[in-house]
Every structure is written in structure tokens, then in C-alpha cells.
There are 2 protein chains.
Amino acid sequence: MSEPFVAVTLADVARSAGVSKMTVSNVINNKPGMSDATRERVQRAINATGYVVNPAARALSGRRSNLIGVLTPHINLPFATEILHGASVTAEAAGLNLAIFTTANNVTLERERATLLRTLADGVLLVIPSADEHHIFGNAIPVVTLGAHGHRTVQVDNHTGGALATQHLIDLGHTRIGHIAGMRDVLRDAVDRQAGYHAALLAAGLPAPEAYVQDGEFSEELGERAARTLLTLPEPPTAIFAANDRSAIGAVRAATALGLNVPRNVSIVGFDDIHAASVMDPPLTTIRQPLEEMGTTAAQLLIDLIRGEERTEMHICFPATLIVRGSTAPPGRTQSASS
Amino acid sequence: MSEPFVAVTLADVARSAGVSKMTVSNVINNKPGMSDATRERVQRAINATGYVVNPAARALSGRRSNLIGVLTPHINLPFATEILHGASVTAEAAGLNLAIFTTANNVTLERERATLLRTLADGVLLVIPSADEHHIFGNAIPVVTLGAHGHRTVQVDNHTGGALATQHLIDLGHTRIGHIAGMRDVLRDAVDRQAGYHAALLAAGLPAPEAYVQDGEFSEELGERAARTLLTLPEPPTAIFAANDRSAIGAVRAATALGLNVPRNVSIVGFDDIHAASVMDPPLTTIRQPLEEMGTTAAQLLIDLIRGEERTEMHICFPATLIVRGSTAPPGRTQSASS
DNA sequence: TTGTAAGCGTTATCAG
DNA sequence: CTGATAACGCTTACAA
């Protein structure tokens, strides 16, 4: 068991079982039409030798590698990891392995790794890609996108989500509502959330001055900066809808640093409902995306496509739901940031 | 650019450039000894055709695949993702790709995927494996472990960390200090942290009843349950040292559910300093591991080994530091859990 | 039911 | 400095 370990190949197993390589290959792939006796003998030889297929050889030979490639911007992005957790469990159950690669939001890297996966994986899961990379895969392997860009997508109803968040603030009595936007230049999701925000304001007859929308790039740091900008305006908003939880966390930090209490002086709503949202101080009111479930669904769709089953859905949309926690309240008296 | 995309091979580029496959291969691998003219002509052909190497073929042919394999228990494990973020940036810079696989803390899966990586990757990063899987790799490819099990390891000083956490509670005046342990049956790290806890208690002449140590398995759910057990003992501890931040988060939840205020009625210390620790309510006092830096160091060590450079360090140990936040205070008057 | 031959795209080796 | 050939481990066809 703890030998220096030499690579065991199909040929070794074949020799050991006294059959041809093909017979071993057929056993491994559960091909029908073969005597149970041989099948068992081969199986024993496989166990005895400790043989495991070489995925590179298998992929090269033009057949499936049992790998699902995943492209995600970052590995420590809660939004992505919660989705991928769901996907991972599903893939597991189907006997497929998730091979995860990061793209650092870099278009060149994204493209490069996509090309790499084209020859390595049986299918690809694209997590919020910055562009539709569908053409890279052509019909070489199936692709499912988590996000708005793509041929087959799984996502949440961003527009309704943005409207829900904003409407919640309106219902609380807020009239000056700011927005910390996401990466609108590359992600349709961000654009849609902002559109929902505007739609709700419009429907309520509330103003939406341009200065009330600041870019937070979906990150904590830039969310913090955006919130600081909003809260130090001559006439600052009393409530902020942040395009995701991370920028909302940054916004809470900015408010606190300015001596403002959340939610007494400023209300803040996030988007995603990542794990930290329920644990943080104050617990974050947010728009929930069923992340794990979305991951599961996307993985299942991809697996079906890999298996060649007919799936006609092109765009699966999950509902967004409002989760009210402690970061929102009716507008208070203190309006301007001290210090 | 948006053509259905046909796979371009070395042969295609060679034909297009009017040279042999080998020359193209040599250009791609920056092999010396070749006229600049040819090199440039080939380079042009590569760009024109949009050629990208097939990693499967490369790996099969016995040469490096430019892939670093990673095995991690879960994809949404903050401890792991923060380490891997550091590793990812480093690998990036060296032109290597991180391919991340999960093991779900399942020994069989761990072994299976390790074997898979042996033929697929140039080197492997094992994140807190449940056993030393070194033998699987033999000297086929180098391995670096983040955790205590392994031939080459990168980890934090767990013993000192455990002692620091406990000493901090002792310094605050606590005399009844409980411990929520990790997966001691599979992880030496957990054993070491508990040993540090015991050492500190012993040095201070404080009691360490057996019931004061409960297993939390490093998870939020079991951490919560363990804390509930501790806090409902006839003579409950006034302070708890949890073996990691996730179980500490569970402990805070349990205390709150029991009507206890943290830190007024119970002090809680975690371990890791994951991102959530600083954001949660109350902010968690914890033992910091420099996770990103550990990831960077591990990746660099592995890359050097892959490149064949001599690195003699077998065990790199980072210091653990105490971060005091809001979850610890001197013992209060209220000792027993109400309801 | 089982075996044989050829080839996937790349690189090492060795000639030219 | 460049090119031909064989090999990596597996699978698809087809033959027995």
C-alpha cells in the first residue's frame, strides 16, 4: 500500500488478468456484452493492481474525461463558492469531478483557460463570466453559464430583485435612496439590478439623481468607497441598495466610520444572501439568491447535456426573495454624516 | 473570432508555417538554439491560427502540463479558500494553472482524486488532508501539504496558538475554560491546538475536567451543539476556546440562543481569523493564521520543486498571533444559562 | 464474447 | 539549427 508506487496501466491489468486491454477498458466503462466470469476476473485484477485511469490519455483519445471544468473569477468569492458547493455535490453523485480554475476577472485569462478546458473537460460551468465565451466551445462540449451572459444560463431574476430591495426601502418611508452598482460594463446582472432600482423609484415617483448611483465593482473596498461618496453628498441618501452583499458590507463599514449607525441613520440592503450576511453586525437585509440550488441545477443541466439527453431550456431563472434583517429601518432624524 | 471553432493542432500550425511539428513545439516551449527568423515565422503562424496546446496530450506525452493540482475538503470552506487565493495568485505569476478538486473529507475520494492528479498535474497542493497521501505520489510529482500530515508541510504553530488563546482567557481572569475541539481523529492540527489549551491550563494550575472538552468537528453546526453541551453543564465554563472560527461562530449562536450575552456572560475565542471573524457580531477574538501568505509560500515551494530547484525545507511553520476583538471579556456575574 | 489495429496531440530522442 | 520517428495510455472501429 505504501510502495513507491509505479504507474499501473491498462496493459498491466490486462496482462495480470490474462485478457486484452480492450476487455479491461470495457469493464471499466461498464460496457455490456461480456461474460460475467471475465468481468469479475478483470475486476479482481483491477483491484489487485490498484489501477486508476489516466484522465489525460482518456481525454486525448477523444472520449470523455469525467471532468467538469469550472471557470470562476476568484476562489474566495462567497457568491461563487456557495454555488460551486451545490454543483460539486451534484457532480459527485454523477461520478464526475469538478476541476475549478480561476480567471481573476481577466478576459485574457478567461479565454485562455476556456480553451484549455475545451480539450480537457466534458463540459464547462462558467461562473459570472465577463463575456459570452460560448464561441470558444462551439459544439465541442456543452456549456452552462451562471450569470447573464451565455447561451444557456442559470440565474436569478435580477431586475425583480433590484426592485424588491428598493421597494422595501420605499415601504419603510425612505425617499432618498442611493445605489451602489456592480460592474455594469461587463456584467448584465449588474445592469439589471440597477434597472430594477430605477423602475421602483420611478413607480414611486421618487427622484433618482445621477450622484445617487456610485460604482462599487461588487467588492468590499470599492463598496466602502462608494458608500462614503454617497453619505458625504450635500444631501445624502438615507438608504442604500448595494448590488451585492460584499459591497453592502463595505457600505456598513463606511457608515460606521462616518459615525452613522446602521440602520438608525442609514439603511442598507444587499444582494445575494451569502453566509456572512446573516452573521454580520448588523445582520444584513438582503435579496436572496438560492445559490446552492442554482449550483445544483446548473450542474444537473450540464450533466444531462454531457450525457446527450435532450434539454431544451436555455435560460433558467430563479426568483429573488427579500430577506429582512437588522440593517434596514424607517429613516431616522440624523441625516448628515458627522466628522 | 466567433467561428464555430475547430481544434487547431501543432500539425496545423506546422503546415501553416512550413516547418515541422517539432519546431513549433520548440518555439512554444522556448527551447534555445533556433534561428530568430524561424522562431518569428512560427510565432506568427501560432497567432494567426489561434493555436493553444492541448494539456491532455502534453501530460500524456510525459512532460509537464502546467497544472498544479489542489485537493481541498470543500469549496466553500473559508479557511481553504483564503489559502488558495494566495496560492492562485502565485501560481498565476509563474504561468501555472491551479486545478482545484474537492474531497468532501472522504478518504476514498481523496485517494481517488490524488491518483487522478498524479498523472494530470505537475505538482500537488494538499489542503488539510485527513491522512498523509504522500505515498500515492511517490516521487512522480512533488507534493506540498497545508496541514500537519505530510512530507513537506506548511502550517501554523498550532500548539502555541492554542496556548495563546487559552492564556488570553486566563489573563482576563477566567478559571473555568472549555474547549471545542476539531477532528482529532484525523487531523493532527486539532490535536495540537487542544494540547496547547491543556498546556496553558496546566501552567496556570487550572482544572481541565474531561467534560470541558467537546467535539465540534470544525463545523458551525457541531460547534453550536458542543457549546450548548458545555454551557448547560452543572458548572459551565465562563469561557470557551473553539478550535476554529466556524465552530466559534456556532458557539456564539448557541450562547445567544441560551440567553447568554457574548462576551458579558461567556467569552469565546476562535482560531484561523477567517474573513467573517472581523465582520460578525460580536467581532471574534481569535488566533490568526496568515492564510493568504501560507498559500503563497506553499505555492512557491511547490513551484520551485516542480522546476527542479533544490529546496531543503521540509516543514515551514508560521507563527500564530492573538487578535483581540469583542467576543472576550473578564468573567461576568451571570454564570448559568437561563432556559 | 473477445482481440487487433490505428490514432488522438504532444514531446524526447536521435539523425540529418 | 531542423526534421523524422516512436512513444505516452486510452478508446473507437472493426475483425475474429
Side-chain angles (χ1 to χ4, degrees), chain A residues 6-43 45-46 49-67 115-122 140-141 308, chain B residues 5-43 45-46 49-67 115-122 140-141:
Chain A
V6 237
V8 180
T9 77
L10 216 47
D12 300 326
V13 181
R15 197 174 317 115
S16 151
V19 297
S20 80
K21 293 195 298 180
M22 268 329 291
T23 307
V24 181
S25 173
N26 286 334
V27 169
I28 286 166
N29 295 293
N30 287 315
K31 289 276 167 62
M34 152 180 336
S35 84
D36 284 2
T38 344
R39 189 184 296 277
E40 203 167 320
R41 185 152 45 96
V42 170
Q43 191 60 58
I46 291 174
T49 53
Y51 170 79
V52 181
V53 294
N54 179 327
R58 183 178 260 178
L60 181 57
S61 135
R63 203 71 205 112
R64 88 217 98 88
S65 63
N66 282 340
L67 289 181
T115 319
L116 183 153
L117 285 178
R118 186 162 51 94
T119 65
L120 192 58
D122 295 344
I141 55 175
Chain B
F5 226 104
V6 235
V8 180
T9 78
L10 218 48
D12 300 325
V13 181
R15 197 174 319 115
S16 151
V19 296
S20 80
K21 292 195 296 179
M22 269 328 293
T23 305
V24 180
S25 174
N26 288 333
V27 169
I28 286 166
N29 296 292
N30 287 315
K31 290 275 167 63
M34 154 180 331
S35 83
D36 285 2
T38 333
R39 190 184 295 278
E40 202 166 321
R41 184 151 46 94
V42 171
Q43 193 60 58
I46 291 174
T49 53
Y51 169 81
V52 181
V53 294
N54 179 328
R58 182 179 260 179
L60 181 57
S61 138
R63 204 71 204 109
R64 89 217 98 86
S65 62
N66 282 340
L67 289 181
T115 319
L116 183 155
L117 285 178
R118 185 162 52 91
T119 66
L120 190 60
D122 294 343
I141 55 174

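Naming: A, B, ... by sequence-line order, numbering from 1 per chain.
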Helical bend (five base pairs per end, nearest 10°) for the helix from C:dT1-D:dA16 to C:dG16-D:dC1:
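One end axis against the other gives 40°.
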
If you look at every heavy atom in [X] and [Y], which pair is closest and at what distance?
X	Y	result
A:D122	A:N66	OD2-N, 2.7 Å
B:A121	B:S65	CA-OG, 3.8 Å
A:T23	A:M34	O-CE, 4.3 Å
B:A17	B:R41	O-NH1, 2.6 Å
B:R58	B:I28	NH2-CG2, 3.7 Å
A:V13	A:A45	CG1-CB, 4.0 Å

Distance check, rounded to the nearest 0.5 Å: [X] atom [atom1] versus [Y] atom [atom2]?
X	Y	atom1	atom2	result
B:D12	B:T49	CG	OG1	7.5 Å
A:T9	A:R15	OG1	CZ	7.0 Å
A:L116	B:N54	CG	CG	8.5 Å

Is there a side-chain contact between A:L120 and B:L67 in this structure, where contact means two heavy atoms from C-beta onward sitting under 4.5 Å apart?
yes

Which nucleotide in D:dG9, C:dT11, D:dG3 has an atom nearest any side-chain atom of B:T23:
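Of all the options, the side chain of B:T23 is nearest to D:dG3.
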
Could you work out which one of C:dA12, C:dG3, C:dG9 sits closest to the side chain of B:K31?
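Selected nucleotide: C:dA12.
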
At less than 4.0 Å, is any side-chain N or O atom of [X] found next to OP1 or OP2 of [N]? Yes or no.
X	N	value
A:S20	C:dG3	yes
A:N54	D:dC8	no
A:S25	D:dT11	yes
A:S61	C:dC8	no

Figure out the [atom1]/[atom2] separation between [X] and [N], and round it to whole Å.
X	N	atom1	atom2	result
B:N29	C:dT13	CG	P	14 Å
B:N30	D:dC1	CG	C1'	17 Å
A:R118	C:dC8	CZ	C1'	14 Å
B:L60	D:dA7	CG	P	14 Å
A:D122	C:dC8	CG	C1'	15 Å
B:N66	C:dT11	CG	C1'	13 Å
A:R15	D:dC10	CZ	P	12 Å

For DNA chain C, the residues among residues 32-41 of chain B that have a non-hydrogen atom under 4.0 Å from it:
none

Contact class for B:N26 (heavy atom, under 4.0 Å): base, sugar-phosphate, or nothing?
nothing

For DNA chain C, whose closest nucleotide is more 5', that of A:M22 or that of A:A57?
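Its nearest nucleotide being more 5', the pick is A:M22.
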
Pick the closest DNA chain D nucleotide for B:K21 and for A:R58 by heavy atoms, then say which residue is nearer the 5' end.
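Checking each residue's closest nucleotide, the 5'-ward one belongs to B:K21.
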
